[in-house]
Amino acid sequence: MTTNTSRGSVAILGTGLAGMGHAGGATEQEIIARASCLAIERSGLAKSDIDGIITSSLTSPWWVMRMAEYLGIRPRFSDSTMFGGSAFIADLKIAQMAIDAGECENVLICYGATPRSAPSSSRINQMRAELDPQPYEHPYKAFNPVSSYALAAARHMYEYGTTRQQLAEVAVAARKWAQLNPDAFSRKPLGVDDVLNARMISDPFTTLDCCLVTDGAGAIVVSSAKRAQGLHDRPIYVLGSGFAHWHRQISCMEDLTVTPAVESGRKAFAQAGLAPADIDVVELYDAFTINPILFLEDLGFCKKGEGGAFIEGGRIAPGGAFPMNTNGGGLSCVHPGMYSIFLIIEAVTQLRGEGMARQVAGAQTALVHGNGGVLSSEATAILSSEL
């Protein structure tokens, strides 16, 4: 039996947030720079110590060069592989491989966007359609990505009896967590009936089944575990990570109820040497209310088809037995186009005991899971405050 030398070989040091909700006129680069400088400062490092940078953008293929230039970093290693919203959890694996290979020592992972304060959705969507053609779907002018996720939700409801009320409970639980988080954008009280009676967007989804459109930026600094122990009094270790993608267009998805999270989760748990029962807090990409239900099943927290029942009765809300999306998630906290970096930052916050009113008592392990495209790419990582 071989030893998994990559388990816990890297750790997250500092984290930073900026421009949450509404950036007040600041540009994407400005809020990313603010979040990045904060993360570096909290890492016990100087900017000159950062020799690796990983970032990507929904709009620019040159983004990693733009951000390195803007920050004044000349990296030994850089990467801008684009996986959609799952990218920044997938980036933990890329950072680990680069650091373990000696390509760099300290990696900055960062992202931000301002779709709320500087909206240009129609122009950007047209550009994406031209640069990323989807020949089996674009001719029908589907309202994507909402309609694609609605297909998955409808199929899950048909096949397993999942109800609209159960979907709504995902949004309600997220809002209850958001009410405990001063950084969250949507904090007004929300009930199941509010979700069900909101304006229909794409059956079965109403507006409140769909993630926010906000500004926001996040950044983390990753270093080797050995180096991290001398830099930070509470490094958070990456015990395991996994990534998978099976399709690009929803029409090419083999089974609308089974996602690549099956594969990414299996890889992450195997590397970490842990099982779902060992996880204290879970942060899942909730672009739509069906997402966490699918991911809970595919990651092994419950059986396929039981996700709706699993989250019922406030189980995933504050005070429930299964703390999930403790910052309010993409449904109520923040969602600037891509979201997974905020999952990592919230998990680190919980594992360091810095969650204040939303803190999960005794949290030592966390699972973060990101989603990209239309259930196209999935990335999972398991973090811990202890090796």
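Only heavy atoms go into these numbers, but all of them, side chains included; no hydrogens, no water, no symmetry mates. Here, residue 1 is the first one in the sequence, and each next residue gets the next number.
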Handout entry: Polar contact flag, side-chain donor to acceptor under 3.5 angstrom, S86-N371
Key =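 There is no such pair between these side chains.
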
Problem - E346-T326 side chain donor-acceptor pair, cut-off 3.5 Å - result: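 T326 and E346 do have a side-chain donor-acceptor pair below 3.5 Å.
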
Check this for me, if you would: do [X] and [Y] make a salt bridge, where the nitrogen-to-carboxylate-oxygen distance has to be below 4.0 angstrom?
| X | Y | value |
| --- | --- | --- |
| R234 | E386 | no |
| R74 | D51 | no |
| K303 | E297 | no |

Practice task
Evaluate the side-chain contact (heavy atoms from CB on, under 4.5 Å) criterion for residues S80 and T55: first the C-alpha distance (whole Å), next the side-chain angles of each, then the deciding distance (0.1 Å), finally the verdict.
Solution key: CA-CA 5 Å; S80 59; T55 186; 5.6 Å; no

Problem - Backbone of L375 reached by a side-chain donor or acceptor of Y149 within 3.5 Å - result: yes

Problem - Contact summary for A287 and H335, nearest pair of heavy atoms - result: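 Looking at all heavy atoms of both residues, the shortest contact is CB-NE2, 4.5 Å.
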
Handout entry: Considering all heavy atoms, the nearest P182-R358 contact
Key =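 So the two residues come closest at CD-NH1, 4.4 Å.
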
Practice task
List in chain and number order the residues that pass side chain to side chain donor-acceptor pair (under 3.5 Å) with R164, two or more places apart in sequence or in another chain; answer none if no residue qualifies.
Solution key: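 Per chain and number, R164 pairs via side chain to side chain donor-acceptor pair (under 3.5 Å) with D209.
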
Handout entry: Worked verdict on F342 versus Y111 for ring-ring contact (aromatic ring centres under 6.0 Å, His included)
Key = CA-CA 9 Å; F342 302 100; Y111 170 73; 7.1 Å; no

Exercise for the section: Any chance you could lay out the ring-ring contact (aromatic ring centres under 6.0 Å, His included) test for Y339 and F88, step after step, and finish with the verdict? Expected result: CA-CA 8 Å; Y339 173 63; F88 310 103; over 10 Å; no

Problem - Stepwise ring-ring contact (aromatic ring centres under 6.0 Å, His included) check, H138 with Y136 - result: CA-CA 6 Å; H138 283 166; Y136 303 123; over 10 Å; no

